[in-house]
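Worth knowing before you read on, the calculation uses all heavy atoms, side chains too, and leaves out hydrogens, waters and symmetry mates. What you see is a predicted model, and the numbers here were worked out from it, not measured in a lab.
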Amino acid sequence: MHMKKGLFLSLIAAAVVLASCNKTLPSPEQISVNPNPLEKVGGKVNAEITGTFPQKKFAKKGVLTVTPVLKYDGKEALGEPVTYVGEKAKENGKTVNYKNGGKYSQSCSFDYVPAMRKSELYLRFEAKVGKKVIEIPDVKIADGVVATSELADAKDNKTAATPDKFQRVIQELTEADIKFLIQSAELRSSETKSENVKALQAAIKDAKEAERKEINKIEVAGYASPDGGMDLNEKLAQNRQKAAANFLKKDLKKNKVANAVESKITAEDWEGFQKAMENSNMQDKDLVLRVLSMYSDPEEREAQIKNLSSVYGTIADEILPALRRSRLILTTDLIGKSDDEIRELAKKDPAQLSVEELLYAATLTNDKAEKMAIYKKAAEQYNDYRAYNGMGQLYFEEGNIAEARRCYAKALEIQPNDPDVNYNAGVAAMADGDLAKAEEYLGKAAGTKANLQAALGTLYTQKGDYNAAKKAYGQSATNNAAVQQILDEDYAAASKTLDAVKEPNATTAYLKAVVGARTNDKAAVYANLKKAIAQDAKLKARAAQDIEFAKFAEDAEFQAIVK
């Protein structure tokens, strides 16, 4: 935007005073500032200032030092000064030719603070010709600062939970094998009185009597080894299953257990054979396993294995006998504490709860103080990273970013590679303005349950990398995605995104007002500002200073909304 020459009348006047001595020192003319108004990008307010020194005006012994000054809230931020000198000046600086004039250019950069939303950019001059000092007042050249990018808030990104693994019902499996001699289905007392059978009988009795246990299922499976004919093996498997089932039913009746016994058979136990081979130390076992993989037909498999004369004798002695069996299978349900029991113990005696029960207890209340107390107990008793993550989430929600970061850091000491905690730590670091740490944490968050791309979009917006932000957001319908679309001047897309936000809040309405201002929709500006301020009164002061609404600042309706 070009500044009118009239803005520099004070400078021209100073030059006229010296004109009789032919020692003029004019200001640069046709000043242009880009951008104007100024804009916050990635924590900085940057501007390029250009202009022209007219011909035959810059005194040959003249020295002009120009300093950009951003004035805000009674304070000043100073840019780097640039000095221009005439052809015969002794001082160092950029030389301006008297006859031809020259180009003026200067960059400035200021560290952004929120009070700069209502500010003005000035040029400050130190001028002299020879030893004569010329007093020149500061001259305003731009307004500032558009800070809509700071509305890309880390808190717009939902934190990720690290849930408990509590199960009300846990299933336990107890198994016992009863082995048979080759081509036999006759029970032997050495097998029915074996330690593993006794252990299964004891587990059945315990499940019947224990308060928090129930028998879910009892099965008996009959097997035959994969040698011999299929018809014979099928009959053997059935008979072995019946023999073992009858034995078990007598024991159930004796202990007054009413559960039925389910049955199944495997005529040729190739699966068991393969597992036994894999677990054996037998020489050439890889050769046998290769045969299993090459042939699927049972008879062909058996024939090929028998052809391996060097190993078949060992197979017959060490592998096949263990496959001639019936398997007794008990499935027991271990019934956990009720919700009411867990709630009560969490309050009165949390030491009686496991870590999973304690973490589950935190999900049984909506009271944040109660949740926090439970997580603190879980952290104290078990030093579990999920407890610290839960505490971090609660602190983050209430705006205590420092405590949230401390909790996430503690969780990562315990579980450094958890993607959800790294994600949360990244979002919290971003909320704290620590963008370098945020990027480091988010780089380790692949696999998180949260929307990592949306968080990266927020990070890139805050860093000022708008192309990367746009790519990261994709089709995300959030306030932050709409901020980026506004910065990209894609107002139709921003409106569509804001309408699709699942949980619209005060920021959603405020951003709609910004879109209205940029598209000259006065009704949208006022309606949405009223809505935004009704939801968050702090936005009243922001709107009053926000240069986005500068063109409406003198309207009585706008003043009524923000005063």
Side-chain angles (χ1 to χ4, degrees), residues 1-41 44-72 74-112 116 119-146 547 550:
M1 181 182 293
H2 293 294
M3 304 299 293
K4 293 181 179 179
K5 292 182 183 180
L7 290 175
F8 292 92
L9 286 176
S10 58
L11 296 177
I12 300 299
V16 171
V17 170
L18 300 171
S20 59
C21 303
N22 197 27
K23 296 179 179 178
T24 60
L25 187 72
S27 71
E29 297 180 356
Q30 297 297 332
I31 295 293
S32 175
V33 182
N34 183 32
N36 187 6
L38 304 178
E39 185 176 356
K40 171 186 180 277
V41 178
K44 296 282 187 180
V45 178
N46 299 326
E48 295 292 331
I49 312 167
T50 57
T52 303
F53 290 107
Q55 298 175 352
K56 297 183 179 180
K57 293 289 185 180
F58 204 103
K60 292 182 180 180
K61 293 185 178 181
V63 179
L64 179 68
T65 298
V66 187
T67 304
V69 182
L70 190 62
K71 298 184 180 184
Y72 65 98
K75 301 181 181 69
E76 293 183 346
L78 302 180
E80 288 292 322
V82 175
T83 298
Y84 289 87
V85 297
E87 295 170 73
K88 295 185 178 181
K90 295 179 180 178
E91 291 83 351
N92 294 324
K94 296 182 180 180
T95 302
V96 180
N97 184 272
Y98 172 76
K99 182 178 179 181
N100 299 322
K103 297 291 184 181
Y104 158 73
S105 66
Q106 188 166 12
S107 299
C108 58
S109 180
F110 307 98
D111 292 328
Y112 174 79
M116 289 178 180
S119 59
E120 296 171 317
L121 182 63
Y122 285 77
L123 292 183
R124 179 168 292 166
F125 303 93
E126 294 179 24
K128 66 178 183 177
V129 178
K131 294 182 180 181
K132 175 70 174 179
V133 176
I134 303 170
E135 296 291 335
I136 305 174
D138 295 351
V139 176
K140 178 184 170 182
I141 58 170
D143 292 305
V145 170
V146 176
I547 201 168

Looking only at heavy atoms, the pair that brings Thr83 and Asn92 closest together is CG2-O, 3.7 Å

On a heavy-atom basis, the closest approach of Ala47 and Val33 is CB-CG1, 4.2 Å

For Val146, the side-chain contact (heavy atoms from CB on, under 4.5 Å) test, sequence neighbours excluded, returns Pro37, Glu39, Thr148, Arg518, Ile547, Glu548

Separation between OG1 (Thr50) and CD1 (Ile31), nearest 0.5 Å, reads 7.0 Å

Quiz prompt | Side chain to side chain, Leu121 and Lys140, heavy atoms closer than 4.5 Å | solution = no

By side-chain contact (heavy atoms from CB on, under 4.5 Å), Glu91 pairs with (sequence neighbours left out) Val63, Val85, Ala89, Lys128

Are the side chains of Val41 and Asn46 in touch, meaning some heavy atoms are under 4.5 Å apart?
-> no

- Query: Is there a side-chain contact between Phe53 and Asn97, using heavy atoms and a 4.5 Å cut-off?
  - Reply: no

Rounded to the nearest 0.5 Å, the OG atom of Ser107 sits from the CD1 atom of Ile49 at a distance of 8.0 Å

What one should report as the nearest heavy-atom pair of Ala127 and Ile136 is CB-CD1, 3.7 Å

With sequence neighbours left out, the residues meeting side-chain contact (heavy atoms from CB on, under 4.5 Å) with Asp138 are Lys71, Tyr122, Arg124

Using side-chain heavy atoms (C-beta onward) and a distance below 4.5 Å, is Tyr98 in contact with Lys56?
yes

Query - Val139 side chain reached by Phe125 side chain, heavy atoms, under 4.5 Å - result: yes

Tightest non-hydrogen contact, residues Lys44 and Ser109, listed as CD-OG, 3.8 Å

For Asn36 and Ile141 the tightest heavy-atom approach is ND2-O, 3.6 Å

Residues Thr95 and Glu87: closest non-hydrogen pair is CG2-CA, 4.1 Å

In this structure, OG1 of Thr52 is separated from NZ of Lys103 (nearest 0.5 Å) by 4.0 Å

Are Leu64 and Tyr104 side-chain neighbours, meaning at least one heavy-atom pair lies under 4.5 Å? no

Tyr84 ring center near Phe58 ring center (under 6.0 Å)
no

**Study point:** Gln106 side chain vs Glu80 backbone, donor-acceptor pair below 3.5 Å
**Key:** yes

**OP:** Would you mind reporting whether Ser119 and Leu38 have side-chain heavy atoms less than 4.5 Å apart?
**Re:** no

